[in-house]
Amino acid sequence: MALKICVVGCGAVGSLFAANLATLDDVEVWAYDLARTHVDAINRDGLRLTGAGEVVGRPHATSAASDLPSCDFGIVATKAMHTDAAIAATAHAFADGCVATVQNGIGNEEVLARHVERVIRGTTFPAGKITAPGVVQWDVQGDTTLGPFEDQPAPFAEVERLADACTRAGMPTKAVADARGPQWRKVIFNAATNPLGALTGLTHGRLCERPDLRALASRLVDEGKAVASAQGIELDADPEELIDYAARPEVAYNHKASMLQDVEARRQTEVDYLNGGIAEFGRRLGVPTRTHESIWALVKGVEASWQQ
Amino acid sequence: VAEMRRVCVAGAGVIGSLFAAHLSRVAEVSALVRRDEHAAALGRDGLRVSGRAEFTGRLTAATLPDALPEPELVIVACKSLDLDAVAARLAGHWPGAIVMTVQNGIGADEVVSRYGDWRQLTSVTFMSGTRHEDTHVRYVLDTATWIGPARGTTPADARAVAELIVASGLKAEAFDDLRPAQWSKLIFNATVNTVAALTGLPHDPHFAALDRPSDLGHLVRALMDEGKAVAVAAGVTLGEDPWEMNVLATERGSAHYPSMLEDVEAHRPTEIDMITGSLVREAHRVGVPVPLHETMERLIRAKEDSWH
């Protein structure tokens with residue numbers, strides 16, 4: 001019997017999973033998204049990826065949660081502030097399944113666990129952007145890591161089954177017992193760089209060229225590492241390396257962080273789940289996160305200025 | 001105490017224009033400006049004030065001191081970024097005059113003192129307005145200018161100038177020692193200007209909000225606490241408490257647009273160096289850590305960088 005996987009939130013990252021998984025014969029893929037034009041284009045022409053990989057997948061796309069069959073797995077890929085609404089609408093499809101998050105930030109697993117029983121902690125590095133309904137520019141390939149969510153874990157064999165499907169589909173994915181290391185590395189990287197771009201308007205490469213801002217990013221990294229370490233989390237690599245690697249001309253020098261893109265388009269940002277997440281964990285653990293708190297407040301202030 | 005019948009206002013932006021127009025009602029006023037057409041327009045049309053007062057002041061104007069009558073009082077009202085250039089143009093002129101600075105931050109007196117042996121007064125102004133054109137300024141906030149003695153002057157000189165300004169229809173107050181007031185304003189300005197410039201918010205109730213962990217009031221208060229620690233170490237007893245000034249100002253109802261926010265929106269160079277820069281330099285001199293002000297300074301400088 002085919003494995004049924006539903007991608008919840010079919011933006012750029014969700015589309016990468018949905019299109020690739022839909023190329024497998026033994027997997028039936030559903031794509032749930034509220035953007036009707038995207039859903040209609042996928043059902044009419046398939047979901048097309050271009051760039052880092054040329055793929056056309058044919059998932060079943062829908063904007064109506066009641067269309068979803070009972071699924072073995074969910075992969076939640078919405079922006080972090082939409083997690084609760086998205087999983088509340090779709091939870092019925094995962095009554096017997098397991099749900100993974102591949103979203104940015106921390107705190108998503110806790111939200112999923114309020115609606116479904118078995119949760120998988122996840123972090124993914126591939127990135128892209130939707131260029132037209134049904135068409136996604138695949139910018140960056142990268143690995144995904146999945147592991148059972150400690151509070152409400154999915155069985156490890158199930159985590160391995162989902163990782164295997166993703167890997168066979170062309171999205172290299174590892175199943176690990178403790179997925180917090182890669183997640184915190186990515187959260188710290190994002191929280192140390194995205195808001196600096198959003199507040200100054202500089203691309204990743206240009207902010208790394210300014211020694212004063214690069215040092216500010218390091219201050220944010222150090223606070224993030226202290227919060228991770230207080231929880232006994234071992235980072236799988238140093239976020240500093242990722243910052244310098246991404247600043248290379250051939251990698252992401254000219255990349256405008258997603259938070260800068262959000263600010264320019266006056267869309268709510270994910271700062272609550274990045275700097276806000278680190279600050280909240282810091283507060284609970286008694287670890288000072290003065291710089292994250294300040295950056296968090298400034299970005300929330302930017303969002304508030306749009307209401308003026 | 002010298003009698004002050006002739007006053008020269010150097011720099012006719014908002015503050016300079018408000019001084020020049022009002023003082024022209026009680027003294028012979030000249031304006032030293034940067035552009036020939038500005039000087040010609042002021043000589044031809046006078047300087048109109050609207051808002052809290054409605055009148056047109058008459059004055060002479062020129063781009064060089066040689067073309068102006070010798071004054072007893074010079075009010076240097078240019079932006080701090082232009083201070084060196086304006087002081088250089090005054091060098092060698094009017095040795096008998098008292099020169100009064102009104103720039104934001106601390107350090108303007110010292111800059112002026114490098115260009116001549118004038119006797120000096122120092123001041124901070126809380127009045128504000130909007131410039132509509134070269135010959136029209138709108139008087140918005142009728143708050144006071146505070147004046148104190150500096151090199152070679154006495155409290156009596158400060159009182160004489162304050163009386164002249166009050167007679168002209170503006171508010172002014174003389175102090176025996178201005179440093180407590182100057183530092184209160186510096187801490188207030190360094191905080192409110194940078195937070196407004198980075199968030200896009202005018203100085204409104206967001207700046208005093210403390211309900212949620214991400215509310216801006218926490219950052220505002222922490223920046224002010226850093227500033228207060230510097231003042232203590234520098235041996236200055238503050239006048240008004242900057243946090244109370246902040247709370248009062250945000251309760252006033254009409255949100256004020258700090259000049260740094262206007263500069264950022266117009267992609268003009270800001271006064272970061274004279275405001276936060278002077279506070280950070282003083283902090284380093286007295287050995288007090290100011291990581292949050294350093295963060296704000298770096299973000300503003302990087303934002304300026306992003307326009308190029």
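Chain identifiers are assigned alphabetically (A, B, ...) following the order of the sequence lines, protein sequences preceding nucleic acid strands; residue numbering begins at 1 within each chain.
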> Of the backbone (N, CA, C, O) and the side chain (C-beta and beyond), which part of B:D204 lies under 4.5 Å from a heavy atom of chain A, both, or neither?
Replying inline: side chain
> How far apart are the closest heavy atoms of A:T200 and B:A302, and which atoms are they?
Replying inline: CG2-CB, 3.6 Å
>> Nearest 0.5 Å, please: how far is OG in B:S306 from CG in A:L260?
In response: 9.0 Å
>> Please output the residues of residues 263-284 of chain A in contact with chain B, using a heavy-atom cutoff of under 4.5 Å, in numerical order.
In response: A:E280
> Rounded to the nearest 0.5 Å, how far does CH2 of A:W306 lie from OG1 of B:T199?
Replying inline: 11.5 Å
>> Using 0.5 Å steps for rounding, measure from the CZ atom of B:R298 to the CG atom of A:L199.
In response: 14.5 Å
>> For B:R301, which atoms come within 4.5 Å of any heavy atom of chain A: side chain, backbone, both, or neither?
In response: both
> Taking all atoms of both residues into account, what is the closest heavy-atom pair of B:L292 and A:S294, and its distance?
Replying inline: CD2-OG, 3.2 Å
> In terms of heavy-atom pairs under 4.5 Å with chain A, which of B:V264, B:L223, B:V195, B:T295 leads?
Replying inline: B:T295
>> With a sphere of 6.0 Å drawn around CD of B:E265, does it hold more than 12 non-hydrogen atoms of other residues, nucleotides or ligands?
In response: yes
> By number, which residues in residues 211-228 of chain A have some heavy atom less than 4.5 Å away from chain B?
Replying inline: A:D212, A:L213, A:A215, A:L216, A:R219
> So A:R206 and B:D305, side-chain contact (heavy atoms from CB on, under 4.5 Å) or not? Walk me through it.
Replying inline: CA-CA 9 Å; A:R206 286 194 60 195; B:D305 192 11; 3.2 Å; yes
>> Can you give me the closest heavy-atom contact between A:V302 and B:L198, atom names plus distance?
In response: CG2-O, 3.4 Å
> Can you tell which of A:L202, A:V299, A:L298, A:T203 has the highest number of heavy-atom pairs within less than 4.5 Å of chain B?
Replying inline: A:L298
>> Under 4.5 Å from any heavy atom of chain B, what part of A:L207 do you find: side chain, backbone, both or neither?
In response: neither
>> How close do B:L219 and A:A297 get, counting heavy atoms only, and between which atoms?
In response: CB-CB, 4.4 Å
> In Å and rounded to the nearest 0.5 Å, what is the CG to OG distance from B:L201 to A:S305?
Replying inline: 5.0 Å
>> To the closest 0.5 Å, what do you measure between NZ (A:K300) and CZ (B:R212)?
In response: 7.5 Å
> Distance from A:L196 atom CG to B:K303 atom NZ, nearest 0.5 Å?
Replying inline: 12.0 Å
>> With a 4.5 angstrom heavy-atom cut-off, is it the side chain or the backbone of B:E297 that approaches chain A, or both, or neither?
In response: neither
